[in-house]
Amino acid sequence: MKIICIGRNYAAHAAELKNEVPGSPVFFLKPETSLLARGNDFYIPSFSADIHYECELVFRICREGKKIEERFAHRYADAVSTGIDFTARDIQEDQKRKGLPWEPSKAFDHSAPVGSWIPLDAFPDPGNIAFYLDINGSRVQEGNSGRMIFPLTRIISYVSGYITLKKGDILFTGTPEGVGKVSPGDELRSGIGQQELLSLKIR
Ligand code: MG
């Protein structure tokens, strides 16, 4: 399986990192080794002094497809949760300056914790899914799928024009504003609506 991540999908987050709002989805990949088993702690890697959280809605791909038309794209995801796109911001900023690939800052081990899945058919409107991230009891990020620049169906259609989607792949759909640094001892809790789906401790 693979993890496909969308960057710059919320205008206010693009602005906080001083990035332009893209004309088509920006995507990158994380490998299977970036998953973090539920219930495990996240250990800050030694190569970065500035690991940021990015809380995102994540969708589970339920069937294989390529060059999927947007009008059929909703059939290709069956579950939703929240996840954290951990990012070594110091390394990423350096890579962006030099025009280098992002993998060392984005695709490292355990950089993609994903919460418990909720069937997507539990949501009457996939364009109105609210999610949150709390750190040490304070709300730091709030998002809603309705504020995405590119909705899920557009992302599935666009990405599948380049890469075949397979059952079990996971799609991170971008972070809203409010990203920041994590420190040892922090407790992250995120979920959809009022329902907590993911909790982890930073070490
Ligand atoms: Mg992200």
Side-chain angles (χ1 to χ4, degrees), residues 1-36 42 44-45 48 50-61 77 80-97 100-115 129-135 139-152 154-156 158-159 162-163 165 169-182 186 188-192 197-198 200 202:
M1 62 81 67
K2 58 188 173 290
I3 300 167
I4 300 150
C5 303
I6 304 298
R8 305 175 190 174
N9 204 20
Y10 291 82
H13 170 64
E16 77 179 344
L17 292 187
K18 300 182 171 55
N19 291 317
E20 282 179 28
V21 171
S24 53
V26 171
F27 73 90
F28 58 91
L29 300 181
K30 295 191 187 221
E32 191 171 359
T33 41
S34 59
L35 290 173
L36 176 67
F42 175 84
I44 293 177
S48 174
D50 194 20
I51 296 288
H52 274 205
Y53 57 83
E54 295 186 359
C55 182
E56 313 198 358
L57 276 182
V58 298
F59 294 87
R60 185 176 67 192
I61 300 297
V80 62
S81 188
T82 51
I84 310 293
D85 168 19
F86 278 120
T87 303
R89 192 73 72 202
D90 44 0
I91 296 175
Q92 189 198 29
E93 291 300 325
D94 189 49
Q95 291 167 319
K96 280 161 67 176
R97 257 194 312 277
L100 294 171
W102 288 5
E103 276 76 2
S105 66
K106 285 285 198 182
F108 56 87
D109 286 354
H110 304 154
S111 62
V114 174
I129 302 176
F131 64 104
Y132 67 89
L133 172 67
D134 292 343
I135 299 187
R139 187 127 311 176
V140 295
Q141 286 193 286
E142 277 181 318
N144 189 300
S145 57
R147 285 168 48 211
M148 290 180 186
I149 297 168
F150 303 108
L152 178 65
R154 170 91 170 107
I155 292 168
I156 286 174
Y158 183 82
V159 172
Y162 296 88
I163 300 177
L165 301 181
D169 287 349
I170 293 174
L171 191 55
F172 277 64
T173 54
T175 195
E177 69 279 15
V179 302
K181 184 179 175 176
V182 292
D186 285 348
L188 280 59
R189 295 178 180 277
S190 81
I192 289 174
L197 301 172
L198 174 65
L200 60 87
I202 307 294

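Both counts, for ligands and for their atoms, begin at 1 and track the order of listing. A quick note: this is a predicted structure, and the numbers were derived from the prediction, not measured.
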Task: Aromatic Tyr10 / basic Arg147 pairing, under 6.0 angstrom, 45° off normal - done: no
TODO: Tell me, please, which residues at least two apart from Phe108 pass ring pair (Phe, Tyr, Trp, His ring centres under 6.0 Å).
DONE: Phe47
Open item on the list: Quick check: do Leu36 and Val114 have side-chain heavy atoms less than 4.5 Å from each other?
Closed with: no
Open item on the list: Any heavy-atom pair between the side chains of Asn19 and Lys96 that's under 4.5 Å?
Closed with: yes
TODO: Could you point out which residue of Gln92, Gln95, Arg89 forms a side-chain hydrogen bond (donor to acceptor under 3.5 Å, both in side chains) with Ser105?
DONE: Gln95
Open item on the list: Suppose the cut-off is 2.8 Å; which protein N/O/S atoms would you list for the Mg ion (ligand 1)?
Closed with: Glu54 OE1, Glu56 OE2, Asp85 OD2
Open item on the list: Quick check for you: to the nearest 0.5 Å, what is the distance between Lys181 atom NZ and Asp186 atom CG?
Closed with: 10.5 Å
